[in-house]
Amino acid sequence: MNAINQHAFTPAGQAAQETPAIELRNVSCRFITADGRATVALRDFSMSVARGEFVAVVGPTGCGKSTTLSLITGLLKPTLGEVRVMGQPVNGIDPRIGFVFQNDAVFPWRSVRENVAAGPLFRGQPKAQAHALADEWIRRVGLDKFGDHYPHQLSGGMRKRVALAQTFINSPEILLMDEPFSALDMQTRTLMQDELLRLWSAHSGSVVFVTHDLEEAIALADKVYVLTARPATLKSVYPIDLPRPRVMEEVRYEQRFIDISRRIWADLREEVHIA
């Protein structure tokens with residue numbers, strides 16, 4: 001299968017175009033537990049994400065998928081190997097990276113407008129300008145009537161829309177997502193997946209999306225990385241040759257989607273049983 005990727009950056013110079021947005025080179029990550037034992041989360045793991053590419057990562061529970069995201073952000077350092085972002089070694093938190101968590105990262109005492117404007121305000125934008133930009137992003141995610149509401153007044157899907165607006169308002173070149181829609185019901189989850197694809201298509205950033213849902217990974221991504229049971233290493237990579245744009249409630253029923261899903265699940269199932 002050949003991946004189809006219509007979302008590319010246009011950086012200055014051919015070298016910049018060829019430099020991956022994210023590279024993990026033979027990375028191993030080891031932790032020391034509270035009782036003094038060493039636990040290996042990742043072992044000799046390599047991954048490359050092109051600029052503008054949407055990559056999904058799947059694997060058994062506890063295999064180190066979220067650890068991979070923490071290495072990219074700089075929150076963790078590899079025990080062995082190297083992590084590079086935009087061609088440079090990761091050294092601390094990179095402001096070009098946005099992160100959407102499984103749990104809503106909103107300030108409960110702030111309105112939707114104030115939550116979305118928090119990033120620009122932190123970066124020094126004047127309040128009026130930050131609020132105007134926040135109102136634009138609130139409109140883009142379909143919450144233009146809820147700018148003055150507070151998180152407790154919103155549904156789970158609406159809070160996820162706030163989280164997407166919070167992230168995209170900062171124009172991240174890289175977007176990391178750690179099971180962001182897992183707590184939503186199926187209908188809301190499908191709507192949020194479509195919303196994510198729409199925003200990503202317009203924004204053209206690189207995405208690493210961690211999920212336990214294989215169908216979600218295939219429907220969203222250009223490429224799916226399958227990790228082994230812990231200690232995790234790369235088992236296989238599957239380019240997804242489904243054409244874009246994709247509509248989530250339709251693409252799952254295409255025969256090509258079903259064929260890809262069966263093939264990847266046959267690979268992943270072995271690791272789930274081991275775990």
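Please read these numbers as outputs of a predicted model, since none were measured by experiment.
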Output all residues satisfying ring-ring contact (aromatic ring centres under 6.0 Å, His included) with [X], sequence neighbours left out; order by chain, then residue number.
X	answer
Y150	none
F146	H149
H212	none

Open item on the list: Nearest 0.5 angstrom please: R84 CZ to S48 OG, how far?
Closed with: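 Answer for the CZ-OG pair, R84 versus S48, is 11.5 Å.
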Open item on the list: Using every non-hydrogen atom in the two residues, find where L69 and L176 come nearest and quote the distance to one decimal.
Closed with: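 Looks like O-CD1, 3.8 Å.
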Task: Minimum heavy-atom distance between I240 and I218, given as atom pair plus value - done: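 So the two residues come closest at CG2-O, 3.6 Å.
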Open item on the list: Holding to side chain to side chain donor-acceptor pair (under 3.5 Å), I want the full list of residues that pass it with S182, two or more places apart in sequence or in another chain.
Closed with: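 So S182 forms a side chain to side chain donor-acceptor pair (under 3.5 Å) with Q102.
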- [ ] Using side chain to side chain donor-acceptor pair (under 3.5 Å) as the criterion, list what pairs up with T190, not counting sequence neighbours.
- [x]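 For T190, no residue satisfies side chain to side chain donor-acceptor pair (under 3.5 Å) once neighbours in sequence are set aside.
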Look only at the side chain of [X] and the backbone of [Y], and say whether a donor-acceptor pair between them is shorter than 3.5 Å.
X	Y	answer
T188	G157	no
K160	M192	no
R51	T19	yes

Contacts of type salt bridge (charged side-chain N to carboxylate O under 4.0 Å, His left out), residue [X], not counting sequence neighbours:
X	value
D213	R189
K65	none
R269	none
D144	none

TODO: Any pair with a residue in residues 84-103 that passes ring pair (Phe, Tyr, Trp, His ring centres under 6.0 Å), sequence neighbours left out, goes on the list, sorted by first then second residue, please.
DONE: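 Non-adjacent pairs meeting ring pair (Phe, Tyr, Trp, His ring centres under 6.0 Å): F99-F101.
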Task: V247: hydrophobic cluster co-members (side-chain, 4.5 Å) - done: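 Grouped by the 4.5 Å side-chain rule, V247 forms a cluster of one, so the answer is none.
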Task: Student check: side-chain heavy atoms of K77 and V90 closer than 4.5 Å - done: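 No, side chains not in contact.
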Task: side chain to side chain donor-acceptor pair (under 3.5 Å) pairs, two or more places apart, involving residues 118-133 - done: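 The answer is R123-N170.
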Task: S66-D178 side chain donor-acceptor pair, cut-off 3.5 Å - done: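 Checked: S66/D178 side chains pair up, N/O donor to acceptor below 3.5 Å.
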